[in-house]
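The structure displayed is predicted, hence computed values, not measured ones. All values below were derived from every heavy atom in this structure, side-chain atoms included, with hydrogens, water molecules and symmetry-related copies excluded. Chain letters run A, B, ... following the sequence lines, proteins first, then strands; residues in each count from 1.
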There are 2 protein chains.
Amino acid sequence: MSKDTVLDHMKEEGLRLTPQRVHIVELLFELSHPTAERIYSMMIQKFPYVSQATVYNTLKKLKEIGFVKELTNGDKSSNFELTETDHWHFHCKACGEIYDLEPEETEALMAVGTHNGTFLVESFQVEFYGVCAKCKA
Amino acid sequence: MSKDTVLDHMKEEGLRLTPQRVHIVELLFELSHPTAERIYSMMIQKFPYVSQATVYNTLKKLKEIGFVKELTNGDKSSNFELTETDHWHFHCKACGEIYDLEPEETEALMAVGTHNGTFLVESFQVEFYGVCAKCKA
DNA sequence: ATAAATGCAAATGCTTTGCATTGCC
DNA sequence: GGCAATGCAAAGCATTTGCATTTAT
């Protein structure tokens, strides 16, 4: 999915394409699992008067229309990512890095998730927590 | 795992067994994925002067020693549960209910999570989001 | 005896909201 | 032109922290 595709879809969803929003989408493509704060600090370089509210509100809208996923956390602030391809995550508790993992076959997974076809699964997440190779060494 | 087993382990981990903590553990056995607030409101019935700090701090300690898992959320407050058996979750966006699901074989899952044996996986979660059978009807 | 846990209140930090102004469609 | 989005500041909420007192070990 390209940046323009995302922007087109946003328009179709009734969202106005302001320069701020376009840049937020660009940053979501560039950065790896950024927090709202990280996006904000990058935004400031191009839009010195941008407000955190704009960043938060835009991320919320993008999440509502399904273009962005939020990775929540017990303590620290949320991380965001584009809902491009399905993948799983590994969170290293040592360095804080979040790695994308290629998923296995999800058929068996979905059989469980749909509770034998009775539940409607809209999305799912697989999150691993531990220590990455770098930090183990 | 029984309540007493949990309490024994807590003691072994160096946690003092105060009446408040004992009751928090009891409530974790009784309630289904309670929030800290829910536990607090139940606590008050038995300990009218209990503070939210005690509830939050205890849950944090229990989480640190691995007896409790926290289910985070984008918007609402976290849900907590005892780390008893491994299971997955289904979150119904309509009624807010969190269902426990029996997991499938996790071998393939773990192969991905360990990044071919290079990462150390300490825990993992599988969370489904959608609409449950009741709410579909 | 002593170090940890409690209750209270204040503080923190992330996120949301109200409102007047601006700007996309 | 009209309504949505912006920036700003203030508010909201869940959670944490400081501190004096109490209590488990």
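Distance, E70(B) CD to dA14(D) P: 14 Å, rounded to whole Å. One atom, NZ of K61(A), and another, P of dT16(C), lie 12 Å apart when rounded to the nearest Å. Nucleotide dA5(D) holds its P atom 12 Å from the CD1 atom of I24(A), rounded to whole Å. Distance CD (Q52(B)) to C1' (dA10(C)): 14 Å, rounded to an integer number of Å. Across the protein-nucleic acid pair, H23(B) atom NE2 and dA24(D) atom C1' stand 19 Å apart, rounded to whole Å. Atom pair E13(B):CD and dT25(D):P shows a separation of 15 Å (rounding to whole Å applied). K76(A) places its NZ atom 13 Å from the P atom of dT16(D), with the value rounded to the nearest Å. In this entry the distance linking CE of M10(B) with P of dA4(C) reads 15 Å, nearest Å.
Contacts of T35(B) with the nucleic acid, taken as non-hydrogen atoms under 4.0 Å apart, are absent. Within 4.0 Å (heavy atoms only), Y56(B) reaches at least one base atom of the nucleic acid.
For F29(A), there are no ring pair (Phe, Tyr, Trp, His ring centres under 6.0 Å) partners two or more places apart in sequence or in a different chain.
For the residue pair A36(B) and V55(B), the shortest heavy atom distance occurs at O-CG1, 3.7 Å. Considering every non-hydrogen atom in both I39(A) and L27(A), the closest pair reads O-CD1, 3.8 Å.
Between K60(B) and E70(B) no salt bridge is recorded (no basic side-chain N to carboxylate O distance below 4.0 Å). A salt bridge does not link K134(A) to E97(A): none of the charged side-chain nitrogens sits closer than 4.0 Å to a carboxylate oxygen.
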Walk along nucleotides 17-25 of chain C from 5' to 3' and tag each nucleotide B, S or - by protein heavy-atom contact under 4.0 Å, base first, then sugar-phosphate.
B-----BBS
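Here V131(A) is tied into one hydrophobic group with L120(B), each link being a pair of ILVMFWY side chains closer than 4.5 Å.
For residues 110-137 of chain B, the set of pairs meeting the ring pair (Phe, Tyr, Trp, His ring centres under 6.0 Å) definition, not counting sequence neighbours, comprises F90(A)-F119(B), Y99(A)-F119(B), F124(A)-F128(B), F128(A)-F124(B), H91(B)-Y129(B), H115(B)-F119(B).
At a threshold of 4.5 Å between non-hydrogen side-chain atoms, the residues N73(A) and T72(B) do not count as touching.
Recorded end-axis angle for the helix from dA1(C)-dT25(D) to dC25(C)-dG1(D) stands at 50°, based on five pairs per end and rounded to 10 degrees.
Checked by atom type, the side-chain pair E81(A)/H89(A) shows a donor-acceptor distance below 3.5 Å. If you check the side chains of T54(A) and Q20(A), you find no donor sitting under 3.5 Å from an acceptor.
Under the 4.5 Å side-chain heavy-atom criterion for Ile, Leu, Val, Met, Phe, Trp and Tyr, I65(B) and V68(B) are members of the same hydrophobic cluster.
At the phosphate of dC13(D), neither OP1 nor OP2 sits under 4.0 Å from any side-chain N or O atom of S77(B).
Within residues 38-47 of chain A, no residue places a heavy atom under 4.0 Å from DNA chain C.
For the pair G74(B) and R21(B), both in contact range of DNA chain C, the more 5′-proximal nearest nucleotide belongs to R21(B).
When the nucleotides dC8(D), dA5(C), dT15(D) are ranked by their closest atom to the side chain of S51(A), dC8(D) comes out on top.
Separating the OG atom in S78(A) from the CD atom in E37(A) is a distance of 13.0 Å, to the nearest 0.5 Å.
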